[in-house]
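First the structure, then my questions, so here it is.
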Amino acid sequence: TMAFTKASKDQKYDRQLRLWGDHGQEELENAHVCLINSTASGTEILKNLVLPGIGAFTIVDGHKVSGEDVGNNFFLSNNSIGRSPEKLLDNDPEFFHRFTLVIGVQLPESTCLRLGSVLWNANIPFLVCRTYGLVGYMRLVVKEHTVIESHPDNALEDLRLDQPFAELKNHIQSYDLEGMGKKDHSHTPWIIIVAKYLEKWFSTFYKKEAFKQLIRQGILKSEKGTPEDEENFEEAIKNVNTALNPTKISSGVDDIFNGEQCNDITSQTPTFWVMTRAVREFVHNDGGGNLPVRGSIPDMIADSEKFITLQNIYREKAMQDASVVSKHVESLLQSVGKVCETLFCSKNAAFLRVVRCRSLAEEYSVETVNKDAITSCMDSADGEMVLYLMLRSVDRFYQQHSRYPGVYNYQVEEDISKLKLCVNSLLQEYSLNVNVKDDYIHEFCRYGASEPHTVASFLGGSAAQEAIKIITRQFVPFNNTFIYNAMSQTTATFQL
Amino acid sequence: MADTDEPEKKRRRVVELTEKMVVDGGSRDGGEWDGRWNHINTFLERPGPFTHPDFEPSTESLQFLLDTCKILVIGAGGLGCELLKDLALSGFRHIHVVDMDTIDVSNLNRQFLFRLKDVGRPKADIAADFINGRIPGCNVVPHFKKIQDFDESFYRQFHIIVCGLDSIIARRWMNGMLLSLLVYEDGVLDPSSIIPLIDGGTEGFKGNARVIFPGMTACIDCTLELYPPQINFPMCTIASMPRLPEHCVEYVRMLLWPKEKPFGDGVGLDADDPEHIQWVYQKSQERAAEFSITGVTYRLTQGVVKRIIPAVASTNAVIAAACATEVFKIASSAYIPLNNYMVFNDVDGLYTYTFEAERKENCSSCSQVPQDLHFSPSAKLQEVVDYLTENASLQMKSPAITATLEGKNKTLYLQTVASIEQRTRPNLSKSLKELGLLDGQELAVADVTTPQTLLFKLSFTS
């Protein structure tokens with residue numbers, strides 16, 4: 001029965017629902033992913049999408065299974081449609097338009113660029129992955145990916161102690177620290193304590209240490225004159241460092257507010273931009289230059305009543321602000337003839353993110369190649385950038401010789417000089433004044449385009465999670481090139 | 001009628017298809033086929049500029065991996081399943097796996113060697129069966145046991161040990177076991193007694209992988225401060241001043257259940273019993289309502305009672321793969337191993353940080369430097385116990401202390417056996433002087449965090 005399936009799905013997916021919630025899970029289950037090439041890397045990526053419940057997948061792969069494929073691949077291809085991606089690009093490029101996301105694995109450069117162009121024009125996210133010897137590579141190609149729920153680690157609280165809103169001010173005033181009994185004094189939330197002492201503090205230059213001392217003097221003393229054990233005061237002192245940070249909008253969010261899409265709202269504008277514009281309206285018209293109040297406070301030593309009352313002050317203000325934002329959303333949508341369907345929630349306003357990746361065409365074109373990034377990263381000659389240049393070079397080799405270098409033992413030595421020519425022509429074409437050590441050229445011949453399982457599996461986990469981020473619109477995807485070096489167990493991300 | 005049949009028909013069809021999709025890997029007789037190990041041989045047969053100084057390309061190295069090398073995998077869960085697959089596809093055939101758990105439905109979102117029909121069965125057994133059936137020639141030997149059920153003679157047989165554990169205590173125990181295997185001759189470590197330990201851990205979108213050469217590199221206890229002790233809520237908060245939904249759940253679990261004994265006398269809270277959780281959930285809601293606290297849900301209740309850590313397939317795949325790569329490097333000498341700790345986090349993009357964790361000069365486990373305990377002779381034994389449990393570098397769980405007094409071995413305090421706990425409990429409130437302990441006295445301390453007894457030297461302060 002249906003009830004059985006829902007409950008058992010909740011059980012099965014419990015551990016991941018705690019990360020992306022039921023709404024994130026729904027996005028996953030409505031997605032249809034296309035995997036091109038079911039090599040070890042490809043099937044590992046797919047496994048890590050099937051396990052969390054991806055709705056549907058299609059595999060495009062024109063290759064026949066060989067002995068070495070079965071050696072590094074945990075799966076045999078079952079759902080492959082048996083046509084090659086090149087044939088599809090020739091005959092039916094719109095085939096790819098039905099997918100939420102396309103993942104291309106071990107693609108030759110020409111196929112990659114052709115597919116990249118089709119997907120860019122159709123606005124479909126494209127994730128390029130490859131395992132080459134002990135090197136893993138990912139490239140995300142998406143024009144614009146917006147994230148409301150970025151779930152930042154370690155975000156600062158939004159307490160408004162530097163500019164308390166009216167309800168908070170009134171609430172703070174209702175406390176009389178000097179006139180309180182001992183029990184109440186020791187169970188007053190530290191936010192109130194800091195706020196009270198801020199009122200006494202007239203200096204505009206906060207010397208945090210002196211301020212902390214002032215608070216410490218407020219700790220009750222016993223008859224003998226020794227300070228009592230008031231943990232809430234210790235908490236206040238400890239939190240002075242962050243509690244006095246001025247309330248302001250981060251530059252990241254500011255940039256998003258200044259984005260083009262924020263200005264021209266039409267009936268085609270995605271929800272994210274309507275919401276963002278509405279928040280911006282709030283900031284300028286209702287918030288006095290500030291975002292809607294987030295509404296959450298950290299736990300702190302306090303009795304239940306004082307804590308809950310304080311928490312509700314923040315929560316109610318957040319809800320009020322959110323409903324003002326929602327009114328802006330409504331009127332924006334009305335002005336373009338649409339109806340509002342989603343409610344706005346304040347807690348994410350400070351954490352909006354937008355990821356824009358350059359196209360493959362931009363990365364590969366001589367006019368727009370990111371020379372600065374490549375050259376400056378090559379200052380550390382043994383970093384991950386040299387691996388990127390080597391991958392580009394072996395692609396060049398493939399174009400010229402219709403094979404990768406060093407596949408057979410006897411080829412390794414002779415291919416080194418051929419590969420070196422490719423490296424040099426690459427550097428010359430892009431006017432890159434960098435030095436690629438011979439050791440790397442030798443190493444990449446040695447790899448023989450092998451796809452060892454453990455490297456494929458590392459990539460499989462990495463790529464699957466990036467795919468999940470794109471599909472659920474939660475957490476933030478990388479931008480835009482990721483390199484994994486299994487020799488040193490190091491990674492790097494470049495924006496190319 | 002047709003409408004209500006549809007979901008059921010669909011469900012049956014999915015079950016049918018799933019069963020048919022099991023890949024037939026068993027028809028081959030375990031023999032090799034052409035090209036099977038091509039992806040591995042590249043690294044074993046060819047010289048290269050970045051190989052380990054000890055590396056010698058050879059066509060025989062593969063045989064060592066296939067026929068001789070013995071690997072032990074600890075844990076057959078999120079990391080363990082991935083590890084077994086990775087090792088089997090990297091040429092390792094003699095693999096043992098230890099896991100004391102049985103399969104739960106909530107494992108199925110990531111522990112891919114298990115199916116719904118396997119729920120309730122031992123993880124080690126099912127994992128071994130799956131791998132052996134899928135990878136011809138691979139021989140995974142399962143052990144449905146705790147790591148503490150084995151002694152040195154078991155662990156000594158392995159070339160490399162790789163852990164996919166979810167418990168710091170278990171890690172520390174393994175660490176201690178491998179340290180106890182080290183042989184010193186005239187103060188010099190015999191390298192053949194070293195068994196490398198690769199350790200992986202994950203939590204949500206974070207993970208880490210590290211390589212330990214016992215006796216040579218930083219051990220688990222050298223970096224114990226990297227694992228801060230789990231903070232429990234203060235009792236007064238739980239008992240009289242709850243503020244968060246979690247406080248309400250802990251109240252029911254710790255205070256209300258023992259008082260109301262809802263399922264009978266002596267029936268403890270079974271976190272895996274949905275009826276028990278339902279009771280806790282309802283009572284937690286009542287408690288929350290009393291204090292106007294919102295946010296108690298069934299999911300939150302379960303999470304608090306079972307101390308659930310969120311988990312996904314992807315993080316486990318990444319960390320296990322990194323660990324398996326290290327196993328391969330060490331077994332084949334193909335590359336210099338990770339030196340020695342990698343941290344991974346893919347909440348915002350993908351972030352890794354690789355560094356060399358340093359050995360602690362006076363590490364309680366691997367430094368062979370006797371640990372000093374500084375106490376006044378009038379200090380109570382309880383203070384010593386508190387120090388052993390609270391000190392960040394020791395973090396013992398329930399230390400048992402013995403000393404040699406008047407030529408006889410005397411147990412000063414032991415918590416884990418009820419009768420002995422009762423008998424020795426009065427010692428806790430006695431002073432060290434009263435107990436007859438002398439300055440410079442050696443105290444032997446045993447604890448679940450280590451298979452070996454640790455020796456401490458009592459040093460009296462004035």
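Residue numbers start from 1 in every chain, and the chains themselves are labelled A, B, ... in the order their sequence lines are given, proteins ahead of strands.
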Answer with side chain, backbone, both or neither: which region of B:Thr51 has an atom nearer than 4.5 Å to a non-hydrogen atom of chain A? side chain
Okay, B:Asn345 and chain A: the region with an atom under 4.5 Å from a heavy atom over there is side chain
Under 4.5 Å from any heavy atom of chain B, what part of A:Met138 do you find: side chain, backbone, both or neither? side chain
Kindly say whether A:Glu451 contributes a backbone atom to a donor-acceptor pair with the side chain of B:His39 at under 3.5 angstrom? yes
Quick one, B:Leu350 and A:Thr491 - any side-chain contact, counting heavy atoms below 4.5 Å? no
Just to verify, what does B:Ile309 make a side-chain contact (heavy atoms from CB on, under 4.5 Å) with, not counting sequence neighbours? B:Glu203
What class does the angle between the rings of B:Phe344 and A:Phe458 fall in, given that below 30° is parallel, 30 to 60° is tilted and above 60° is perpendicular? perpendicular
Whatever's closer than 4.5 Å to a heavy atom in chain A on B:Tyr335 counts as side chain
Select one option (side chain, backbone, both, neither) describing which atoms of A:Thr490 are under 4.5 Å from chain B's heavy atoms. both
Check whether B:Lys329 reaches the backbone of A:Ala486 with its side chain - one donor and one acceptor, N or O, closer than 3.5 Å. yes
Go through the atoms of B:Phe43 and report whether side chain, backbone, both or neither lie under 4.5 Å from a heavy atom of chain A. both
Check whether A:Asp10 gets within reach of chain B through its side chain, its backbone, both or neither, counting any heavy atom under 4.5 Å. side chain
Would you mind reporting whether B:His247 and A:Ser304 have side-chain heavy atoms less than 4.5 Å apart? no
Examine whether an atom of B:Gln111 lies under 4.5 Å from a heavy atom of chain A, and if so say whether it belongs to the side chain, the backbone or both; otherwise answer neither. neither
Is A:Ala302 in contact with chain B via its backbone, its side chain, both, or neither, using a 4.5 Å heavy-atom distance? both
Counting only heavy atoms closer than 4.5 Å, note whether A:Leu17 contacts chain B via side chain, backbone, both or neither. both
Which atoms of B:Ile40 come close to chain A, meaning under 4.5 Å heavy atom to heavy atom: side chain ones, backbone ones, both, or neither? neither
Going through the distances and angles, do B:Asp346 and A:Gln465 end up as a side chain to side chain donor-acceptor pair (under 3.5 Å)? CA-CA 8 Å; B:Asp346 64 355; A:Gln465 192 51 38; 5.4 Å; no
Main-chain N/O of A:Asp299 paired to B:Arg243 side chain as donor or acceptor, under 3.5 Å: no
Residues that A:Asp229 engages under salt bridge (Lys or Arg N to Asp or Glu O under 4.0 Å), provided they are two or more places apart: none
If I measure from the heavy atoms of chain A, does B:Ile336 come under 4.5 Å with its side chain, its backbone, both, or neither? backbone
Under a 3.5 Å distance rule, please check whether A:Arg18 uses its side chain to pair with a backbone N or O of B:Pro310 as donor and acceptor. no
Can a salt bridge be assigned to the pair A:Asp22 and B:Arg299 using a cut-off of 4.0 Å between side-chain N and carboxylate O? yes
With the side chain counted from C-beta on, respond yes when B:Asp86 and A:His453 share a heavy-atom pair under 4.5 Å apart, and no when they do not. yes
Taking A:Arg15 for the side chain and B:Val312 for the main chain, is one N or O donor matched with an acceptor at less than 3.5 Å? no
Region of B:Pro337 in contact with chain A, defined by heavy-atom distances below 4.5 Å: neither
B:Val211 side chain near A:Gln489 side chain, heavy-atom distance below 4.5 Å: no
